[in-house]
Amino acid sequence: MATEAQPETQPQPTDIVTEPSRTDRAKAAFKEQRTHAAARMKDWLATRDLDDSEVMQLAEERKQRKQDHKIAQQNRVVAEAHGRLAHAKAQAETSARIGENLTVLGGRVAAEEAKLAALQNTPVMPPTDREANNVRHSRKAARAGIIAAGSLAALPATGAAIEQAASGQPLLLAVLGTAGGYGWYLVSRPFVAGQPAPAPSIPVQLASPVNMTKPEQIAGQREFNAPPPPALTVKELEDALRAIGEVRGEEQLQILAVPQRDADGNTTVVFDLPPRTTVAELKKKLHKLAGALGRDVSMVDVEKAGTEARSSLWLTDQDPFAATRPSPLLKKPAQLDAWKDGVPVGWNKRGITINLAINNQSFVIAGTSRSGKGVGASNLVVGAGFDPRINLRIVAGKQNAEWNPYAKTGVAATYFKPDPARLLALLKALLADKDRRERALNDLGKSKLVATIIDQIGGLEVLVIDEVATYTRPGKPLREEILEALIELSAVALGAGIILVLITQYPEVDVIPQALSANLGAKWAMRVENPTQSNAILGAGQAGAGRDASKFDPPRPGFGWLVNPFAGVTDLARSFDLDEDERGEVTMLLEKAAKIRESAGRLAGQWDDPIEQHLLNATGLSSAAGGPKRDGVPGRNVLRHTPEQRMQMDACRSALAAMRNLDRDQAQLVEMTELIGGGMTEARLGKLLRDAGAGGTVKVDIDGVGRVNGYQRADIADALSLLEGN
């Protein structure tokens, strides 16, 4: 029997997961790319790629370009005005009316030049926030314009490219397609850390804080240097001026140059004071102003900036005189033009080297004991030694060896130690030479000495008197005669090239009377005991005007008030550190100066010296280069030695002095050089002694050491006696 057919079992429906098609994946990727591209384009149009510092820099460059453009335009206007004036001058003789027009054109030239000078002297102010926002808005507008222009140009350009491709130029279409594809790749890339987010809905990962002490910079990260804090705000300045009474009531300052900290950490601000006061009045209150600004007086400086009420205020955060500085001559000991360029003696508040010219003024350097006046004077006199046209006459105030190096090197034409009678003879010799010089000026058709005839008249005479009180204090021998001669020289001899340098630790009117002080143009007041002494140096009333050398806190060697009218200096200054006792720097420099003078034929003994000839005739003794023994003691021996012989004699004398200190008749080179000091070495001392005729080292017996190589006293003494001609 046939069986009944069973129905087939139908499959049960199930959930089927289908993969997205290639088209769907491309659409999703393109949508994500469009999101990235839109975010990048929005960020670019908003100029978020420019930080505030870049915008401020762009704004500053824009202001500078505008200023440069104004100056260029004004230069053209000035040139045009000069051209019109020149043309009018050429035709001035043809018409009186044209002559009248010259005045008008000349006035226009002056006015336009004044405008140009004002533009050139007007500083470019830092950009304001409004100017910075204008720069950012202009960048936004420019970028929007680029997008608009690109969109408008795209359609015709694309159509033209297609037409050219259809006409047989497919290369252009390929290039255009490649460029478009690459551009799309650039703007549709996924965002990475530090770039703008593609959409506001995506969380933003904040950058880690900037570590200002981090020694290394992460690759690809922009360096960030925080600007320094403001050195001085306008409000701080105005408050300080109100505190000292220079700004009152409703008065306000007009700031012309906003205070900015310079690269060296200093600050300068230019402002106009209220019309009722002046910069001179502000200078009198410099101490109070410094205190109101939270600084020491050495850290603040005020100068007139054109008008009586326009002030230039300079300030710093560190004391510029706290540390010593070496003389620049130690680095570059070259010949100087002391008349024109001056000699370096120290530096001022702003760290600028002060060069004192040795020409139409005499000098006084004063201060109490250990105030550093000797170091300040050494800078001036050593510098003078580097100009071979200067004849140095040095009168020491003590019996020590402070000024001996000038004699030993032959730089000093005259040098002797305290002797009132010889000083008076020297002053009379200079007065007589003044008459000779004036006759020479008459023959040359000159009313006073000028640079071009210094050599023809016999050079410059510079008389240095150390511790002048030794001769001018009441009760001193020949005081009245010496003072009379000094006053006459200071009053009438400058024009003939005779200059005084007076040094004293007793700055009193009895020591330097008013009649003498009035003719000492350059004054350097180191630390003194009271305002009266300060005024005795700087002039009556100077302490009341704020220049008081008794108020240095703290006092420092070589630090004082320097007044030099010819150089336009009235300020605090500190002398360069120049040491002889420990480092032998004075001798080292003078040996360099001696070589310069020897080449010029102006070393002591190389030229006929009328002053020393006068002294020899008057006293029978010579003090040329310190006398026969180069120690400041005049003598009858007037032998002329070469520079090498002088150094040999100095070495012999120093070696004999070392043996006296050792209290024996023989010594090793190493022992003698240690006692001599001043940079002397065994090799140098041995060579000098051999060249002097003392021979080489011999075997000597020294207690506690044994038999070693050294020198006998007798050999060195015989060599010295032969050199001296005894």
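Note that the structure is a prediction, hence the values are computed from the model and not measured.
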Where do Asn355 and Asp341 land on the side chain to side chain contact (heavy atoms under 4.5 Å, CB included) test, with the steps shown first?
CA-CA 7 Å; Asn355 293 287; Asp341 303 323; over 6 Å; no
Take Trp561 and Lys523 through the test side chain to side chain contact (heavy atoms under 4.5 Å, CB included) and record every step on the way to the result.
CA-CA 8 Å; Trp561 282 103; Lys523 308 169 188 290; over 6 Å; no
Begin from the C-alpha positions of Leu315 and Met299 and carry the test side chain to side chain contact (heavy atoms under 4.5 Å, CB included) through to its verdict.
CA-CA 5 Å; Leu315 65 158; Met299 302 161 67; 5.9 Å; no
Side chain to side chain contact (heavy atoms under 4.5 Å, CB included) assessment of Val270 paired with Leu313
CA-CA 6 Å; Val270 180; Leu313 170 66; over 6 Å; no
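The neighbour count for Arg350 CZ, taken as heavy atoms of other residues, nucleotides or ligands under 6.0 Å away, is above 12. Counting heavy atoms of neighbouring residues, nucleotides and ligands inside a 6.0 Å radius, atom NZ of Lys70 does not exceed 12 of them. Residue Gln73 places its CD atom among more than 12 non-hydrogen atoms of other residues, nucleotides or ligands, all under 6.0 Å distant.
Of all heavy-atom pairs between Leu329 and Gly383, the closest is CD1-CA, 4.0 Å. Heavy-atom minimum distance, Leu237 versus Phe271: CD2-CD2, 3.8 Å. Residue Thr316 comes nearest to Arg295 through the heavy atom pair O-NE, 2.9 Å, listed as atom of the first residue, atom of the second, then distance. The two atoms that bring Gln361 and Ala522 nearest to each other are OE1-CB, 3.7 Å, heavy atoms only. Scanning both residues, Leu273 and Val279, for their nearest heavy atoms gives CD1-N, 3.9 Å. When every heavy atom of Asn379 is checked against every heavy atom of Ser575, the shortest pair comes out as ND2-CB, 4.0 Å.
For the pair Val234/Val269, no side-chain contact is recorded, criterion being any heavy-atom separation below 4.5 Å from C-beta on. The side-chain heavy atoms of Leu356 and Asn564, taken from C-beta on, include a pair separated by under 4.5 Å. Taking the side chain as every heavy atom from C-beta outward, Thr267 and Trp314 never approach each other to under 4.5 Å. Inter-residue side-chain proximity for Leu578 and Val382 is flagged as met; some heavy-atom pair is nearer than 4.5 Å. At a threshold of 4.5 Å between non-hydrogen side-chain atoms, the residues Leu330 and Leu589 count as touching. Looking only at side-chain heavy atoms (C-beta outward), Leu289 and Leu282 come within less than 4.5 Å of each other. Side-chain contact between Ile354 and Pro344: absent, with no pair of heavy atoms (C-beta onward) separated by less than 4.5 Å. Residues Val343 and Leu380 meet the side-chain proximity criterion, which asks for heavy atoms closer than 4.5 Å.
Distance check, rounded to the nearest 0.5 Å: NE2 of His69 to CD of Gln64 gives 13.5 Å. Of the inter-residue distances, the one linking Ile454 atom CD1 with Asp387 atom CG reads 7.0 Å to the nearest 0.5 angstrom. Distance check: Glu308 CD to Asp272 CG gives 12.0 Å after rounding to the nearest 0.5 Å. Distance check, rounded to the nearest 0.5 Å: CZ of Arg547 to NZ of Lys283 gives 7.5 Å. Going from atom NZ of Lys349 over to atom CZ of Arg574 covers 15.5 Å, rounded to the nearest 0.5 Å. Of the inter-residue distances, the one linking Thr278 atom OG1 with Glu281 atom CD reads 4.5 Å to the nearest 0.5 angstrom.
For the residue pair Ser312 / Glu303, no side-chain donor-acceptor distance below 3.5 Å is found, with atom types taken as modelled.
Between the side chain of Asn348 and the backbone N or O of Gly351, at least one donor-acceptor pair lies under 3.5 Å. Panel note: side chain Arg389, backbone Asp337; no donor-acceptor pair is recorded below 3.5 Å.
None of Trp347, Trp524, Phe321, Phe576 except one satisfies the ring pair (Phe, Tyr, Trp, His ring centres under 6.0 Å) rule with Phe559; the exception is Phe321.
Note on Glu238 versus Arg242: salt bridge recorded, some NZ/NE/NH1/NH2 to OD/OE distance being below 4.0 Å.
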